[in-house]
Number of protein chains: 2
Amino acid sequence: MHAKEAADLLGISQRMLRHYENEGLMVVGRAANGYRHYTPADLRRAARIRDFIATGFSTREIRAMAACLSDDGAGPCSGGIDKLTQKLAHIDRLRADLDARRAAVVDRLGELRAALDKDALVD
Amino acid sequence: MHAKEAADLLGISQRMLRHYENEGLMVVGRAANGYRHYTPADLRRAARIRDFIATGFSTREIRAMAACLSDDGAGPCSGGIDKLTQKLAHIDRLRADLDARRAAVVDRLGELRAALDKDALVD
DNA sequence: CCAAACACCTACATACATGTCAGGGTTTGA
DNA sequence: TCAAACCCTGACATGTATGTAGGTGTTTGG
């Protein structure tokens with residue numbers, strides 16, 4: 001599949017897709033006319049890169065754990081496990097935090113609605 | 001507590017701690033001599049910011065959240081129920097996003113560990 | 001009282017994600 | 001065949017995280 005369709009599917013810009021290549025995170029085949037051709041495997045790899053970046057990894061870090069990117073990424077990805085585990089801790093802390101804050105917001109929303117209802121009665 | 005101790009506890013640099021302040025993510029009290037004084041609440045807030053940043057959120061995004069999520073956020077959030085409801089939707093999307101990301105990371109981690117175990121058997 | 005350790009601030013520097021524009025080729029449908 | 005829609009490369013631009021260095025005041029242990 002061509003660049004635009006791939007980018008649209010992944011929800012990122014063609015610019016970023018090219019960026020992944022420039023940074024050595026993936027290699028994409030070309031058609032005779034020089035156009036990039038994204039295979040399903042390419043899409044999965046790009047999606048992983050996208051998620052890694054969205055989760056705060058730099059291209060440098062991602063490159064260092066390239067083995068974690070391929071579908072069959074069994075290889076020496078052990079360094080990646082540590083980093084991923086660390087990242088999990090961050091995410092879990094955030095989740096707990098968001099839960100607590102969400103509860104607080106829900107509470108305040110309840111208060112405000114109660115106040116509005118009371119006002120409505122007075123009106 | 002002073003800057004160095006706080007930074008060491010949080011595992012970040014004093015530079016970043018100051019950065020959080022410059023970006024308007026937190027306000028830190030000062031002693032008479034001008035030295036910053038970090039309270040336990042400051043430390044918790046800083047830890048949250050640290051985690052948000054480590055997980056790929058920008059100070060801009062964090063700032064936008066802080067305005068409507070702080071305990072006393074009735075002020076800046078006086079826009080009322082609409083804004084809060086909007087924020088709530090935002091938070092819920094974030095939660096869903098973190099859930100998905102976490103699940104993906106857990107899956108990936110499982111695959112990698114399985115692969116390592118298999119390698120161990122062969123050894 | 002002095003030196004080491006810390007604090008403060010400003011500012012320059014680097015790395016990276018991303019956008020966008022320029023200039024130029026290719027595909028494709030009407 | 002012509003225009004719209006794509007593709008490509010390269011370069012410049014911006015926002016943000018983070019380090020580091022220079023210059024200077026403060027604390028504190030010996």
Side-chain angles (χ1 to χ4, degrees), chain A residues 1-39 42-43 45-66 68-69 80 83 86-87 90-91 93-94, chain B residues 1-39 42-43 45-67 94 97 101:
Chain A
M1 118 179 13
H2 283 181
K4 181 174 170 45
E5 196 180 350
D8 287 350
L9 268 182
L10 291 166
I12 60 180
S13 63
Q14 295 178 234
R15 174 71 172 76
M16 286 311 292
L17 230 25
R18 258 177 271 128
H19 182 54
Y20 297 168
E21 267 188 276
N22 290 337
E23 293 296 320
L25 301 181
M26 62 187 302
V27 175
V28 182
R30 303 296 184 111
N33 58 13
Y35 286 17
R36 287 177 181 77
H37 173 61
Y38 293 90
T39 67
D42 287 338
L43 291 184
R45 188 183 183 95
R48 261 175 230 130
I49 296 171
R50 175 200 61 194
D51 288 342
F52 270 115
I53 287 182
T55 310
F57 288 95
S58 68
T59 47
R60 187 189 191 72
E61 289 172 303
I62 300 173
R63 207 179 306 120
M65 16 181 228
C68 304
L69 291 177
K83 284 187 175 173
Q86 229 178 306
K87 220 39 132 167
H90 283 142
I91 294 178
R93 279 201 298 272
L94 282 177
Chain B
M1 125 179 7
H2 283 180
K4 181 173 171 47
E5 195 179 351
D8 287 349
L9 266 183
L10 292 167
I12 60 181
S13 62
Q14 293 177 236
R15 173 72 172 74
M16 286 311 292
L17 230 26
R18 259 177 271 128
H19 181 54
Y20 298 168
E21 268 188 275
N22 289 337
E23 292 297 318
L25 301 182
M26 61 186 304
V27 174
V28 181
R30 305 294 185 113
N33 58 12
Y35 286 17
R36 287 177 181 77
H37 175 261
Y38 293 90
T39 67
D42 288 338
L43 290 184
R45 190 184 181 93
R48 257 178 262 126
I49 296 171
R50 175 201 60 193
D51 287 342
F52 268 113
I53 287 182
T55 310
F57 290 92
S58 68
T59 47
R60 185 190 192 74
E61 291 170 302
I62 301 172
R63 206 180 305 119
M65 263 185 240
L94 278 178
D97 197 64
R101 197 166 290 162

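Order of the sequence lines sets the chain letters (A, B, ...), proteins ahead of strands, with each chain counted from 1. Here the structure is a predicted model, which is why all the values come from computation and not from measurement.
Between A:I62 and A:I49, the shortest heavy-atom distance links the atoms CD1-O, 4.2 Å. Among all heavy-atom pairs drawn from A:Y38 and A:A3, the shortest one is CE1-CA, 3.8 Å. Here the closest non-hydrogen pair linking A:H2 and A:R36 is CD2-O, 3.7 Å. Nearest heavy-atom pair across B:A7 and B:S13 is CB-C, 4.0 Å.
Atom-to-atom distance recorded for A:I53:CD1 and A:I12:CD1 is 8.0 Å, nearest 0.5 angstrom. Rounding to the nearest 0.5 Å gives a distance of 8.0 Å between CZ of A:R48 and CZ of A:R45. Here the straight-line distance linking atom CE of B:M26 with atom CG of B:L43 works out to 7.5 Å at 0.5 Å rounding. Once rounded to the nearest 0.5 Å, the distance linking OH of A:Y20 with OG1 of A:T59 reads 10.5 Å. Distance CG/A:L10 to CG/A:D51: 9.5 Å, rounded to 0.5 Å.
Between the CD1 atom of B:I12 and the P atom of D:dA17 there is a distance of 12 Å, given to the nearest Å. Between B:M1 atom CE and C:dC6 atom P the separation is 15 Å, expressed in whole Å. One interatomic measurement links the two molecules: OH of A:Y38 to C1' of D:dC6, which rounds to 13 Å at whole-angstrom precision. Between the CZ atom of B:F52 and the C1' atom of D:dA17 there is a distance of 17 Å, rounded to whole Å. Between the CD atom of B:Q14 and the C1' atom of D:dA17 there is a distance of 17 Å, given to the nearest Å. In this structure, CD of A:E5 is placed 14 Å from C1' of D:dC7, rounded to the nearest angstrom. Rounded to an integer number of Å, the gap from B:K4 NZ to C:dA5 P is 10 Å.
OP1 or OP2 of C:dT27 sits under 4.0 Å from a side-chain N or O of A:N33. Between B:R36 and C:dA7, a side-chain N or O to OP1/OP2 separation shorter than 4.0 Å is absent.
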Hey, what are the protein-to-nucleotides 22-25 of chain D N/O distances that come in under 3.5 Å?
from, atom 1, to, atom 2, distance (Å)
D:dG25, N2, B:Y35, OH, 2.8

(message) One character per nucleotide, please: for nucleotides 12-23 of chain C, 5' to 3', B when the base has a protein heavy atom closer than 4.0 Å, S when only the sugar-phosphate does, - otherwise.
(response) ----SSBBB---

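As judged by a 4.0 angstrom heavy-atom cut-off over every strand, B:R30 is placed among residues touching the sugar-phosphate backbone only.
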